[in-house]
Number of protein chains: 2
Amino acid sequence: MKNTKKKILKSKGYTIGSAEDFLGLSKEESEYIELKLALSGVLAEQRKRKNLTQSQLAKLLKSSQSRVAKMESGDPTVSLDLLIKSLFAIGATKKSIAKAFH
Amino acid sequence: MKNTKKKILKSKGYTIGSAEDFLGLSKEESEYIELKLALSGVLAEQRKRKNLTQSQLAKLLKSSQSRVAKMESGDPTVSLDLLIKSLFAIGATKKSIAKAFH
DNA sequence: TGACAATATATCATATCTGACATAATATCT
DNA sequence: AGATATTATGTCAGATATGATATATTGTCA
């Protein structure tokens, strides 16, 4: 199975290898999940570009390492609000965030 | 006071006319609020373009008229998740959503 | 003007998200 | 290999968002 697909299923709470598939996801759901994963990716990128560990970023965000990890993996308990606020906080430009939509 | 500014202050829970001002808002906070207001606007636009009432849209979203009103006014109790999910549900393109960032 | 439709605001119980913590799993060294 | 740094996963109490309901306000007709 493709890696992106695995991530998407995981982020919906599905277990990889289960019988569940995209069939159960509406277009809106897929779009929403894809968006979250795209933003996750941007966050991880920006963090690494700045040579920060998850712990360092967590401190910057007044959050915790574990939550940063969840943010970067598209965990279902992470909201768009948290992702986007974090991106703004790390200094991502609106432009770079907007790209996640394309 | 400019209308946009009024909306922003309101969305932070400030009362219009109070002594509070932008001075208390960090760049990230402003960016986040501006984004929410931009998305609010797109949602209201799209709804009107489709000649839907808030109640009709609410039914479509399996939500309530009052929440749609709050979505469209940038109410602080409305998340980016709800806004963006709603935009996807109403059929807004990623492109049109991305524009809210620019 | 009054009647009706549409939108806005307030409140609340339930649902969901959040930071924190513990601990497990990986990576990166010597 | 072991030691250490980094990242991932599980859990939970407190915080925040949600849909629903009631009601107020505003708009739009005749």
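Letters A, B, ... mirror the listed sequences (proteins, then strands); counts begin at 1.
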Interatomic distance where [atom1] belongs to [X] and [atom2] belongs to [N] [whole Å]:
| X | N | atom1 | atom2 | result |
| --- | --- | --- | --- | --- |
| A:Leu57 | D:dA8 | CG | P | 12 Å |
| A:Arg67 | D:dT6 | CZ | C1' | 18 Å |
| B:Lys85 | D:dT18 | NZ | P | 8 Å |
| B:Lys48 | C:dT7 | NZ | C1' | 10 Å |
| A:Asp75 | D:dC12 | CG | C1' | 15 Å |
| A:Gln54 | C:dG19 | CD | P | 14 Å |
| A:Ile84 | D:dA17 | CD1 | P | 14 Å |
| B:Asn51 | C:dA5 | CG | P | 17 Å |

Could one point to a donor on the side chain of [X] or the base of [N] with an acceptor on the other under 3.5 Å away?
| X | N | result |
| --- | --- | --- |
| B:Ser66 | D:dT21 | yes |
| A:Lys70 | D:dG10 | yes |
| B:Gln65 | C:dA8 | yes |

### Query
How far apart are the closest heavy atoms of A:Leu25 and A:Ser30, and which atoms are they?
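Answer, listing the atom of A:Leu25 first, then A:Ser30: CB-OG, 3.8 Å.
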#### Entry: Nearest heavy atoms of A:Arg67 and A:Val78, plus distance in Å
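It is NH1-CG2, 3.7 Å.
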### Query
Between the side chains of A:Asp75 and A:Thr77, is a donor N or O closer than 3.5 angstrom to an acceptor N or O?
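Per modelled atom types, A:Asp75 and A:Thr77 side chains form a pair under 3.5 Å.
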### Message
One thing to verify: whether B:Lys85 and A:Glu29 come together as a salt bridge, which I'm taking to mean a side-chain N less than 4.0 angstrom from a carboxylate O.
### Response
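Judged by the 4.0 Å cut-off on N to carboxylate O distance, A:Glu29 and B:Lys85 do not form a salt bridge.
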### Salt-bridge contact A:Glu34-B:Lys94 (side-chain N to carboxylate O under 4.0 Å)
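Yes, A:Glu34 and B:Lys94 are salt-bridged.
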### Task
Please work out if A:Val68 contacts a base, only the sugar-phosphate, or nothing of the nucleic acid, heavy-atom cut-off 4.0 Å.
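It contacts nothing in the nucleic acid.
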### Query
B:Thr53 near the nucleic acid: base, sugar-phosphate alone, or nothing, with a heavy-atom cut-off under 4.0 Å?
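If one applies the 4.0 Å heavy-atom cut-off, B:Thr53 turns out to touch the sugar-phosphate alone, with no base involved.
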### Task
Measure from the side-chain heavy atoms of B:Glu72 and tell me the nearest of C:dA8, D:dT7, D:dT18.
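In terms of side-chain proximity for B:Glu72, the closest of C:dA8, D:dT7, D:dT18 is C:dA8.
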### Task
Would you indicate which nucleotide in C:dA8, D:dT9, D:dG19 comes nearest to any side-chain atom of B:Ser64?
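Among C:dA8, D:dT9, D:dG19, the one nearest the side chain of B:Ser64 is D:dG19.
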### Task
Identify, between B:Arg47 and A:Lys62, the residue whose nearest nucleotide on DNA chain C lies closer to the 5' end.
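On the 5' side of the pair lies B:Arg47.
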### Message
Please determine whether a side-chain nitrogen or oxygen atom of B:Ser63 lies at a distance below 4.0 Å from atom OP1 or OP2 of D:dG19.
### Response
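Result: yes.
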